[in-house]
Structures are given as structure tokens and as C-alpha cells.
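See structure below.
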Amino acid sequence: MVIALAHGVGLLALVLLAYRLLLRRFDGRRSPGPRSPGPRSPGSRSPGLLSGALSGLLFGAAAILSMMDAFPVADGVIVDLRNVMVALAGLFGGWPAALAAAVAGSAYRLWLGGAGVATGLIGMGLTGLAGWLAAPLLWRNGREPGFWPLVLFGLLIGLLTLAPFLVLPAWGPTEILQRLALPLTGFTVLGVALLGMTLAREHRRVGDERALAQSEAMLRAVFDHSVDNLFIGKIAEDGAFILQRGNAAAFAAMGTTAEQAQGRSPDAFLPPDAAAKLADDLRACIDSGGPIRFEDKDTRDGVTRYWEVSLVPIRDDDGTVAMVSFGARDITRRHEAERAIRESEARYRLLARSVSDIIGRVGVDGVRRFCSEAVRDSLGCDPAELVGRPLVERMHPDDRAAVTDGLGRMTPTSPTMKSTYRLRHADGHWVWMESAVRLVADDWGGPLEFVSVERDITARKVMEAELQDARRAAEAANRSKGEFLASLSHELRTPMNAVIGFADLIARESEGPIGNAFYKDFATNIRDSGQHLLELINEILDNVRAEAGQLVLDDEVVDLEQAATFAVRLLTPRAGRAGIALTAAVDPAARYLRGDEKRIRQILLNLLSNAVKYTPAGGRVSVATAPDGNGAGGLRLEVRDNGMGIAEQDMGRVLQAFGRVESAANREVEGTGLGLPLTRRLVELHGGTLSLSSTVGQGTTAVARFPADRVADASGRLPVAPAVPPVSSRAPLSILMVEDDQTIRETGTALLRSWGHRVVAAAGAGEALVVLRSPETLDLLFSDIVMPPGMNGAELAREARRLRPGMPVLLASGFAAHAVVADDAAQAGFDQIAKPYDAAELQQRLDRLRPSGSGAPSPPPAPAPRPVAETPPEGLRILVAEDVEMNRMLVVTILKQLGHRVVAVEDGAAAVAAVRRHAFDLILMDVNMPVMDGLAATRAIRAMVPPANATPIVALTANTFPEDVARCRAAGMTGYVPKPIDRKLLMAEIARSVPPPVPRPGGAPEPAPELGPDGKGGPAT
């Protein structure tokens, strides 16, 4: 058996030769998929079907030959190396080869017959399957299996060869082990290991040959088709240079062909001078022992071309230079382009030095590559300090993101960008720059760099900011004027409505002969409304006089305890009706104040009345005086309440004339909005300040602080000698005070106002220019010299002289840093005063600079009355919505006398509810009402279902400006009657608004009830 197995091993040589032929002829003919550089790894799960089948047939033939020289171990049972061949077929050819080898071997074994047919078939099937499954493990990462893995694989095949003998009925395991195990396993392992190693190495060698051939083909293709001139020369034994190989570009450049040049010296196909130069270059490369690169030029037929030449020595195994690689690239176009760029750059640098704008180049990485000399004038630094630094390094942090994003969005199709940003000057301040940036691209559209032109626009930005401030101030002034006129119209017409209306009823004896009890109520209403109107007019006049600086104070000693007692006594009835506790506490050390007693009492009354008005039932209001704890020795007057409070954003508004905070709670409180502004002006006239602190829902505290020179004892003597000189008896001035320090500005303003002057305060030159350019009357400019960047006091004074020729100017200066500007002001002839200025000196300067006269604005014209229309129909059902009781009673009385049935309600919400319950022919709707105003109520009624939504609605309003009437129309009102209500105008509007009566359908709503003459209820008529 050993001899027979040894004969089978002899088949290895035959199998190896056949497998080599198979690899060379058929490997790589696989589909689908691209062809690999070498033979595919036999470990692949998807080898080519053709090569797999052919290799399977090869191993199958070897298995058949093995069975022909087999050793018979029993009748019909033979032992050979067929399982080795089938296993190697699966290992090297995959499942197609294993299947083909197993089928071929099985066919022959079936033909032989005998008792071991089943054993042979099972063995070939198991070993073929094992070879295919073991291939991925043995061919790991495409590398051929080693010797020891093949030995282990051979042991596995040996076991699988022995296992099928168990199916023979006459053979037992012991007999199999004794007769077959050792020789069969040994020769199986030997056959697998030897043949497997040989086949694997052959497989690798063939793959390397094919990869080398393909690599050489690719290198040859690159070499032959390169646009550069390439050739390789061999160094002969005598040191001569022989051209071994070149590409088509090289032969074309040398004017020869491959047949004429290859294998020959350059002397044979080049002109003598060119051949000598080439020989010198080659000798220099050999002598240097390393690659060399240089540029050269060649002139032929009057045409000069530039070349970039590179020579690389190629050494043999012993390090001797055996060949030289020569390459030449035509760089004529690049050379010409570089020369043009150099000339252009010279012109560009000359231009960049001649303009005042900063011209720069910025790389696509955001780093400056060039910066013109103009940067010295704009940023105060040398161009070298910016070159090589990021563009955004000196940029303001708020501007960096916008500029970076803008540069990132630039493309060859959108190559420009304009932006403004701030750059830091060498001395630390910020300079506004306007930049125009263009993206520069190469010939293929790829971005190369950015070119920028930057211009200093700081002066323009300052002017724009001043113009913007002026525009906002003008708009605010215009809005304030409109709000003032609208509020003034409303506040005056409201009491006049009752005065004129009730007086008209009395004059016509509408309730019968004089003596009727109704007339007494009418007269009382007229008196109260007239008193209200008088107080309102007085407040308006006081505000106007205070604003114009025309209020004159009487200088006397005021007992604050008596003044507080007086104010509390007047307001106690009102506070008692509202359930509000009203208390006063006057510190003996802060009892007496030098000032105008009437105005001091007015201050107390306004502050307490305001506190009581906005404090709910059960609240507390207190007034207290005490020495001011700020160390200045003044007096503090404080009024505190725990009412509804004021939001922080509304604090400034409540100190403006007619300024009211709109909220649901405030709508229920009557007020003109004149009390607090007038109080603030009265406190300032006494040299003090008024401040508010408040928390919504917790209350408000008003604090009036009076300076130390206003504090007196019981005899009227001042604890401290007055620092303020007596107020000049001459007419007050209208002064524009410009000071950037808030404390100095407020102190100076209070001082000037205490002397009776009218002061307009400005925090800087921008605000001052707005006032100077306005039509407001000004007698004097009083300005600090040094102010924030933009315009100093001397420059502002020159601009003031230009805008208002002849206006006196007084400049204040007190620090060493002011010296330069102060000299400028002195040379211009402006009067100056040192800071901190003495009050007596300031008074003398003002008297000396006092102009000869001043002007005053004229009042606006009164609106024209509306025409009278025809008589309205009688017997209408009318709903009246009016929150003021006297006005409501007046309208109800007039309508009842005209024969109408009337329902009166107090607010817009009640009006909407009444329309839902009853049908009306007409609705008279006040516009300003608590809970729900007339405009909102009108919109709610118009949103109802017919016929209620079609009811005519006439506005009763004291707001008669065109925009007010337009808002009424937009809300759905059909007409309006201005207050004070004129009987004839009311009749005409009713006649215009109500269509002729039509027969009432049977299903009409229930008639509306009617109120009595007091407007609160009564029987229906």
C-alpha cells in the first residue's frame, strides 16, 4: 500500500505542470467584474467558472490516474490519493473545481465498481467540500497558505478519508486503524503539504509576473504619452551616453525619430552645439550624484522657448550610476505669464502708493498678503504689521462673523462683495472702513485670492449717526406734538361738553320753567365742569410757562408741616370714600423750606392726589420729610403708596406732559397726565430733583430732593450761607446746555432753572445740533469743551455761530487735557469759564452775554366747526355708551326731549351686552371708556349676526383730528359727533345715520328699556 501511495505522489509533477499552464492560459477570464492585475486568490468565494471547471477537471484527471495505480486492500476496496486531488481542487479552484474533480473521480469509481464504491464516493464528496470551505481560512488576506496550515489541512483530509470506511459492513474501527490509518494519513498529509505548497508558490509567481507586466505596460503608456520630453540614457563602459529609450514628445523636440535615435549617441542625431550642451548637463548630473533641476531656453528659427529641465541618476545594485533619466517641460507660457505679472505688479504697486484708499490682497485662507502705504494714514501702522496676519485680527468682534460669512459665499459667478466694518487704530480707537472685495479666480474657475479696496468712512459714519439722531429726535418731537394736541383737545372738550350742554338745557328751559329741581343739578354740573376746566387750563399754562422758563418763584419760608396738613385735609374726603389711609410725618429737622409756598403746596397736592388716585381701596398713602442722607445737607420729601405701580419701561413716559400708561387698571382712573410733569418742573425750579421708583402691584415712591441752600429754620434763616447769588432781575434766558457728564449736566441745569432760566439739556454735540437746527428760540450756548469723539466744544461753537449768527457762546474747561482745545476756543474768540464754575461768576458771565431780545412761538389755529344738518326722525330706540356720568345724563336728556327711547350704559362691554339682548335703531358710542373702549365695542358689534351688526353707530368723541376720525371709520362707526356736544349737530348726525322707519315685523325683539333723567335707570316709555 505504501508503494502504491508513493506512486500517486509521482503525479504531483504532472499536476504542477498542468496547473501552471492553466494559470497562464485561463486565469483572469472571469465574468462579471473587472480583471485583476494578477491571478485571483483561490480563496475567493467567487472564482471564475471557466478556470474553476478546468482546474477541477485537471485534479479530477489526477484522481483517476491515482485510482488506476491504486492498492487493493480488500475485494472491491482500493486505497489511493484521489481525496488529496479533490481536496486540493476545492482549495485552489473553489467550488467549481471541487465539484468538477469530485464528479470526474466519482464517475470513474462507479465504473470500477466493487464493495468500496460508497466509501469512495463519500470520501470524495467530504474532502471536496472541506477544501472549498477551508479556502477562505488558508488564503487569508490574499496570501498563499504556509506549510503548517497545509499540514493541518492534510490531517483533516486524512481523517475525512478514513471516516467513510466505517460504512463497510465487514470493517470495524480497529481494523481500519491497524490496516489503513498510518500509511493513508501520512501520505495524505505529505501529498497535501507538498503539492499545496508547490501550487501556492506557482500561483504567486504567475500573479507576480502578470502584475509586473501590467505595471510595465502602464509605465510605458505614461512614458510614451507624456507631453513632457522624456528619455533615458545608458552610460557606456567608455563613459559615453547612449539614448536607450525616449517618448514621442522628446523625439519631436529633437527633430528625429525613435529608429534614428535609440541605441545611439546624441552626436548622431543632434546638432553639435545641442549635443555638447546635453553631454555637459548629463555629466553634471553624474558628477553631483543626485537629481538636478534648472531652467533653460532654446532659440530656433527666431523663436525662443523656455524649458524646465530635470535629470535624475539611476544606479545599479552596486551603487554605480548606470543610467540617467532626462525630462524637459515647456514653460514658455508660464515664463511669459510671470513676466507679465511682474510688470503688472510693478504698475499695480505704483498705483497703490498713489491713492488714499487701502489696497490689499487677501488669500483664500483670510490672511493679508499685501497692504498699500495708505494704511499708515488710516490705521496709523506700517503695512508690514498687517501682511501675514488674518484679515479679521484687527476687526471689531461684532463685525467678524458677517465679513467671514460674506467672503465664504463669494464664487466666480458672484465675485464681488461690499461691506462696512470697524478696524482698530494703532492708538486703540475704532475706525469705520468701507470695503469693496473681488474674488480672483484662475483659468479653471478656482479661487486664487481676494483683492480689496478699503476706505476710511469714520467721518461719514459720525455724520450719519448725527443725522439719524436728528431724524429720531424730529420724529419724536412730531409724535409728541401730535399726542399733545390730541390729549389737549380731549381733555378740554370733556368738561366743556357738560358746561355747554347743561347750559343749553337751562337756557331753553327744557324741563319747564326755571325753579325745577333738575335745573339745580344742571347748574351744579356746570359749576363742577367749569372748575375742572379751569384747573386743567391752569395746569396747561403752568406747564407751558415752566417749559419756557417764565414761572417766577416767591422766596419765603414754607412750613412743610402746615403744607402737608393742608394737603391731607383736602384729600381726606376722597381718600375716605375710597377706603385709603392717608398719613403725614414731618421730621422737625426738615420742617422748614425756603421757596414758593403756593408751589410747594401744589407739589404736595399733585403727588398725594396722584398716589390716592392709583391706590385701590384699603391701601395706604403717606407723605414724609427728612434730612437728605446723601451727605449734601439737603431735604427729602417722599410720597409713598402701595397702589398698582408703574412698569419700568413706562417710568419715563409718566413724567412727560399728557403721558399716561395704557392698561386695564388705568382706564378706570381719570387724569390729564399733566400733574407729574408740572410737579417735576416745580421741584427743578427750586433747585431740586424729582425721581420715581415703582414695582408693579406693590406701589410707587416719589422722592423730591431739595438742595441744602433751600433748607431753613423757623425764623427763615439758612443753616448754610447760600452759594447761589440772587437771581437777576433781568428777563430769563433760553440756554442750550451741552455736557456729556450726567451729574454735571443735571446739577448745572437745576442751578440755571433755579435762577428762572429756560434750559435745554444735551448730552453731546449730536443732540445739540438737532436743537440748533430746529426753530426753537435760543439765547445762549453753554457747552463743555471736551466731549466724546465726534465734535468737541470749540467745533460745536463754530457750527452754532454758522447756524445761528450772533448767538453768544460760553465754554467750560477745567482739566489739563482740555488745554489744546481750550487754546483753539480762545483763538476763535469764545468766552470761557473754569470748571467747577463759581455760581456768582457764572451769573455774571450770563448777564454779560445776555442778548437783546427773544421770540415766542404762536399758538396753533383752532379747528373749524362742522355744518348743521336736518331734523332727525322721532321715536327711535337709542343706546348711549358714555363713561362720564354728567355727559351720559346730558345726552340722555337731550334724546328724551327729542322723543326717543334711551338705554344708557357706562362702558363698551355693557354696550355689547345690551345689543345682544335688545334691538336698537342707533348707538351713540363714546370712544375713550374703561373696561372696553368704543372702538373695540364697535368691532365686537360689527362681528355679530344680522340685523344687530348693521345698527348705525355714531362716535361721541373729543378727539376730532383726521386720524382719530379715520380710526372710528375703520372700526365700523358710521359717523361722529364731537364733544362738547352741540344739540343741532347731534340731531343732524342722527338724521343722517338712521334710515326712514319701516313697518316692524311681528317677530321683532323686545323693545329696549329706557333710563331716567339721571342716566342710571327708569321706566320704559
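Computed from heavy atoms alone, side chains included, the values below leave out hydrogens, waters and symmetry copies.
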With a 3.5 Å distance limit and no angle check, can you tell me whether S783 reaches the backbone of L811 through a side-chain donor-acceptor pair? no
Check: N928 and D933 side chains under 4.5 Å, non-hydrogen atoms: no
Can you check salt bridge (Lys or Arg N to Asp or Glu O under 4.0 Å) on E799 and R802, steps first, answer last? CA-CA 5 Å; E799 185 66 12; R802 186 184 67 81; 2.3 Å; yes
Decide whether a cation-pi geometry holds between R601 and F566; the criteria are a distance under 6.0 Å from NZ or CZ to the six-membered ring centre and an angle within 45° of the ring axis. yes
Stepwise side chain to side chain contact (heavy atoms under 4.5 Å, CB included) test for F782 and V738: CA-CA 6 Å; F782 183 22; V738 187; over 6 Å; no
Beyond-backbone contact of Q562 with L560, side-chain heavy atoms, under 4.5 angstrom: no
Side-chain heavy-atom pair M737, V760 within 4.5 angstrom cut-off: no
Measuring from L778:CG to R758:CZ, what's the distance to the nearest 0.5 Å? 7.0 Å
d(L752 CG, Q843 CD) to nearest 0.5 Å is 9.0 Å
Quick check for you: to the nearest 0.5 Å, what is the distance between T679 atom OG1 and N610 atom CG? 8.0 Å
Not counting sequence neighbours, which residues clear salt bridge (charged side-chain N to carboxylate O under 4.0 Å, His left out) with D559? List them please. R591
Thinking salt bridges, do R471 and E466 make one under a 4.0 Å N-O criterion? no
Between A564 and A584, what is the shortest heavy-atom contact and its length? CB-CB, 4.3 Å
Does R745 come within less than 4.0 Å of D784, counting only side-chain N to carboxylate O? no
Of all residues at least two apart in sequence or in a different chain, which pass the salt bridge (charged side-chain N to carboxylate O under 4.0 Å, His left out) check with R620? none
Please name the pair of heavy atoms, one in Y592 and one in A712, separated by the smallest distance, quoted to 0.1 Å. CB-O, 3.1 Å
A797 versus L781, closest heavy-atom pair with distance: CA-CD2, 4.1 Å
Would E475 and R472 pass as an ion pair if we require N to O under 4.0 Å? no
Across all chains, not counting sequence neighbours, the salt bridge (charged side-chain N to carboxylate O under 4.0 Å, His left out) partners of E767 are none
With sequence neighbours left out, what residues match A567 under side chain to side chain contact (heavy atoms under 4.5 Å, CB included)? L604, L605, L608
Check for a donor-acceptor pair, side chain of T615 on one end and backbone N or O of D641 on the other, with a separation under 3.5 Å. no
When V703, L607, T701 are each screened for side-chain contact (heavy atoms from CB on, under 4.5 Å) with V639, the one that passes is L607
CG on N606 to NZ on K613, rounded to 0.5 Å: 9.0 Å
Apply salt bridge (Lys or Arg N to Asp or Glu O under 4.0 Å) to D926 and K979, showing your working. CA-CA 10 Å; D926 187 20; K979 294 179 181 179; 3.1 Å; yes
Salt bridge (charged side-chain N to carboxylate O under 4.0 Å, His left out) with R640: which residues, sequence neighbours excluded? E638
Would you name the heavy atoms of M807 and A800 that are closest together and state the gap between them? CE-CB, 3.9 Å
Go through V809 and D831 one step at a time and tell me if the side chain to side chain contact (heavy atoms under 4.5 Å, CB included) criterion holds. CA-CA 6 Å; V809 176; D831 202 357; over 6 Å; no
Would a distance-only check, ignoring hydrogens and angles, find a side-chain to backbone donor-acceptor pair under 3.5 Å from R710 to H686? yes
When every non-hydrogen atom of G619 is compared with those of N642, the smallest separation belongs to CA-OD1, 3.4 Å
Verify side chain to side chain contact (heavy atoms under 4.5 Å, CB included) between I735 and D779, making sure each step is shown before the conclusion. CA-CA 6 Å; I735 301 174; D779 300 321; 5.9 Å; no
All side chain to side chain contact (heavy atoms under 4.5 Å, CB included) counterparts of A590, not counting sequence neighbours: D587, T625, P627, L635
Exercise: do R705 and T689 side chains pair donor with acceptor under 3.5 Å: no
Enter the distance from W755:CH2 to L733:CG here, rounded to the nearest 0.5 Å. 10.5 Å
How far does CD of E556 sit from CD1 of I600, to the nearest 0.5 angstrom? 9.5 Å
Go through the steps for V557 and E597 under the test side chain to side chain contact (heavy atoms under 4.5 Å, CB included), then give the verdict. CA-CA 8 Å; V557 176; E597 183 173 7; over 6 Å; no
Residue pair V759 / T749: nearest heavy atoms and the distance that separates them: CG1-CG2, 3.8 Å
